[in-house]
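Written out below as structure tokens is the structure these notes cover.
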Amino acid sequence: MDEKDIRILTAIAKDGTASPDRIEDTTGIPKSTVHYRLNRLRESGVIENDLHNIDLEKVGLSITLISEVWAEFEEGYHDLVGEKLAAVEGVNQVYFTMGDTDFVVIAHVADREMVETFVEDYEAIEEIERTSSKFVITTVKDERNPLNDFDVETLVEALAE
């Protein structure tokens, strides 16, 4: 994969579409090149389906990092600290949680050096007291669309008005 592939994948992730016209507008890469690259990314398995799910392992972001974060308690800290954590480059998900841990932060990284950078970035946030990070060894389930985790009837019963 090269810079053009990465720019195309980033545009897909950002815009939620693989429309060659939109990708061309976003990246400046000619539409004919976008078509060619999309086909190649599909054939190599990086783009898994028409929903354009990206195989992070094939991209090179094969390590899932799960970090628990404890912060100083003060009024509105969950918004302030949550925004600061979300602003760390590469952070995918930030959850403010109840219980012993204040936040759970998910990131996908390439190597240990990136893990170290993440931990340093977290701990540079003034309000953070401590962190604990874990590497995922094996992904048992990674459903990207929560609707797929329910039977249709369960969703109809719970969500239909």
Quiz prompt | CA sep, side-chain torsions, deciding dist, call: Gln93, Tyr95, side chain to side chain donor-acceptor pair (under 3.5 Å) | solution = CA-CA 7 Å; Gln93 299 164 47; Tyr95 301 99; 2.4 Å; yes
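- In the hydrophobic clustering of ILVMFWY residues, with side-chain heavy atoms under 4.5 Å counting as a link, Val94 and Met114 come out together.
- Side-chain atoms of Thr10 come within 3.5 Å of backbone atoms of Ile6 as a donor-acceptor pair (strictly under, hydrogens ignored).
- Not one N or O on the side chain of Asp121 forms a donor-acceptor pair closer than 3.5 Å with the backbone of Val88.
- The aromatic rings of Phe96 and Phe103 are tilted relative to each other, their planes meeting at an angle between 30° and 60°.
- Using a 4.0 Å cut-off between a side-chain N of Lys or Arg and a carboxylate O of Asp or Glu, Glu126 and Lys84 do not qualify as a salt bridge.
- A donor-acceptor pair is defined here as one N or O able to donate and one able to accept, closer than 3.5 Å; such a pair exists between the side chain of Thr26 and the backbone of Arg22.
- Under a cut-off of 6.0 angstrom, the local environment of CD in Glu129 is crowded, with over 12 non-hydrogen atoms contributed by other residues, nucleotides or ligands.
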Exercise. Might you work through the side-chain contact (heavy atoms from CB on, under 4.5 Å) test for Ser67 and Phe118, ending with a clear yes or no?
Key: CA-CA 9 Å; Ser67 301; Phe118 270 96; over 6 Å; no
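- Counting heavy atoms from C-beta on, the side chains of Leu38 and Ile8 come closer than 4.5 Å.
- The two residues Val34 and Pro20 have their closest heavy-atom pair at CG1-CA, 3.8 Å.
- Between Arg7 and Glu3 there is a salt bridge, since a side-chain N of the basic residue sits under 4.0 Å from a carboxylate O of the acidic one.
- For the pairing with Asn39, the side-chain hydrogen bond (donor to acceptor under 3.5 Å, both in side chains) check across His35, Arg37, Arg42 returns one residue only, Arg42.
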Self-check item: Intermediate values then yes/no, side-chain contact (heavy atoms from CB on, under 4.5 Å), Asp102 and Val69
Solution: CA-CA 6 Å; Asp102 293 313; Val69 177; 5.8 Å; no
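- Across all non-hydrogen atoms, the minimal contact from Asp55 to Gly45 is CB-O, 3.8 Å.
- Taking the side chain as every heavy atom from C-beta outward, Val136 and Ile66 approach each other to under 4.5 Å.
- Distance check: Ile63 CD1 to Leu61 CG gives 9.5 Å after rounding to the nearest 0.5 Å.
- With hydrogens and angles left out, the side-chain atoms of Lys134 and Ser132 include a donor and acceptor closer than 3.5 Å.
- Going from atom CD of Glu143 over to atom CZ of Phe150 covers 11.0 Å, rounded to the nearest 0.5 Å.
- Residue Val81 is not grouped with residue Val104 when hydrophobic side chains (ILVMFWY) are merged at heavy-atom distances under 4.5 angstrom, including chains of intermediate members.
- Transitive grouping of hydrophobic side chains (ILVMFWY, heavy atoms separated by less than 4.5 Å) keeps Trp70 and Tyr122 in distinct clusters.
- Atom NZ in Lys4 sits 5.5 Å away from atom OG1 in Thr33 (nearest 0.5 Å).
- Defined by atom type and a distance below 3.5 Å, a donor-acceptor pair is missing between the side-chain atoms of Glu68 and Thr131.
- For the pair Glu120 and Glu116, the minimum side-chain heavy-atom distance is below 4.5 Å.
- The main-chain N or O of His108 is found under 3.5 Å from a side-chain atom of Asn92 such that the two form a donor-acceptor pair.
- More than 12 heavy atoms of other residues, nucleotides or ligands sit less than 6.0 Å from atom CG of Asp21.
- Here CD1 of Ile23 is found 4.5 Å from CD1 of Ile12. Values are rounded to the nearest 0.5 Å.
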Practice problem: Take Ile106 and Thr64 through the test side-chain contact (heavy atoms from CB on, under 4.5 Å) and record every step on the way to the result. | Solution: CA-CA 7 Å; Ile106 311 291; Thr64 301; 4.2 Å; yes
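- Looking at every heavy atom in both residues, Ser133 comes nearest to Leu65 through CB-CD1, 3.7 Å.
- Proximity of Leu41 to Asp5: side-chain heavy atoms (C-beta onward) are separated by under 4.5 Å at one or more points.
- One distance of note links CD of Glu43 with CZ of Arg40; it measures 9.5 Å at 0.5 Å rounding.
- Here NE2 of His78 is found 9.5 Å from CZ of Phe73. Values are rounded to the nearest 0.5 Å.
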Practice problem: Check the pair Leu85 / Ile128 against side-chain contact (heavy atoms from CB on, under 4.5 Å), numbers first and verdict last. | Solution: CA-CA 10 Å; Leu85 287 167; Ile128 292 181; 3.7 Å; yes
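- Ser62 places no side-chain N or O within donor-acceptor distance of the main-chain N or O of Lys58, the cut-off being under 3.5 Å.
- More than 12 heavy atoms of other residues, nucleotides or ligands shown are found within 6.0 angstrom of OH on Tyr77.
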